[in-house]
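Have a look at the structure below, then the notes.
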Amino acid sequence: VLRKIVGAPIGTEEELIFRALSTSMERKGNQFGILVGLGTDQDPNAKNSADFETEDRYYTIEFPFDTLDYHDGTAWVECRLRDKQSDVLLVVLGWSMEQRDSDGAWLVEGIDWQDFREKYRPGIGREEWERICG
């Protein structure tokens, strides 16, 4: 799956794939940078500023619902990222999970991403959600 994400040909060494993914996640202006501590509306160069937390994330993570197990080897997990100071909803992530037959482990089959930050609305390849949803 990771190979497909970065468009690497079959047989590419995992280390090269990991580096490509890391580089793209840390790119300035990348809406998914929030997952690696970037993507804020704050200035990341202002590391000594009280506005920018360097030791701690600027958001909280909540799982508003229990995992939805469809009892067919698939499940759904929802996660929300909220601004730590204002509690404003930043991002909603949904994970489609699939259970591996060999050992019962749950694997991520897909991720649904909805970004509510002004800078990234409505998101890559997405339609605008009504404001009442976030």
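FYI, side chains are in, hydrogens and waters are out, and symmetry mates aren't considered; it's all heavy atoms of this structure.
Glu78 contributes atom CD, which lies 12.0 Å from atom CG of Asp66 (distance to the nearest 0.5 angstrom). Expressed to the nearest 0.5 Å, how far CG of Leu81 lies from CG of Leu35 amounts to 7.0 Å. Here the straight-line distance linking atom CG of Asp115 with atom CZ of Phe32 works out to 7.5 Å at 0.5 Å rounding.
Trp113 and Trp76 fall into different hydrophobic clusters, defined by Ile, Leu, Val, Met, Phe, Trp and Tyr side-chain heavy atoms under 4.5 Å apart, directly or through other members. Criterion: ILVMFWY side-chain heavy atoms under 4.5 Å apart, direct or through other members. Under it, Val77 and Leu68 are not part of a common hydrophobic cluster.
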Tabulate below the donor-acceptor pairs under 3.5 Å that side-chain atoms of residues 101-111 make, not counting sequence neighbours, or state none.
residue: Asp103; atom: OD1; partner: Arg100; partner atom: NE; Å: 3.0
residue: Asp103; atom: OD1; partner: Ala105; partner atom: N; Å: 3.0
residue: Asp103; atom: OD2; partner: Arg100; partner atom: NH2; Å: 2.9

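Heavy atoms only, all atoms of each residue included: Phe65 and Arg80 are closest at CE1-NH2, 4.0 Å. Residues Cys79 and Ile61 come closest through the heavy atom pair SG-CG2, 3.5 Å. Nearest approach of Ala8 to Thr12, heavy atoms of both residues: CB-OG1, 3.6 Å. Nearest approach of Leu89 to Arg82, heavy atoms of both residues: N-NH1, 3.6 Å.
Judged by distance alone, the side chain of Arg117 and the main-chain N or O of Gln31 form a donor-acceptor pair under 3.5 Å. Checking side-chain atoms of Thr23 against main-chain N and O of Arg19 turns up a donor-acceptor pair under 3.5 Å. Of the possible donor and acceptor atoms, one in the side chain of Tyr59 sits under 3.5 Å from a partner among the backbone N and O of Ile34.
More than 12 heavy atoms of other residues, nucleotides or ligands shown are found within 6.0 angstrom of CG on Asp72.
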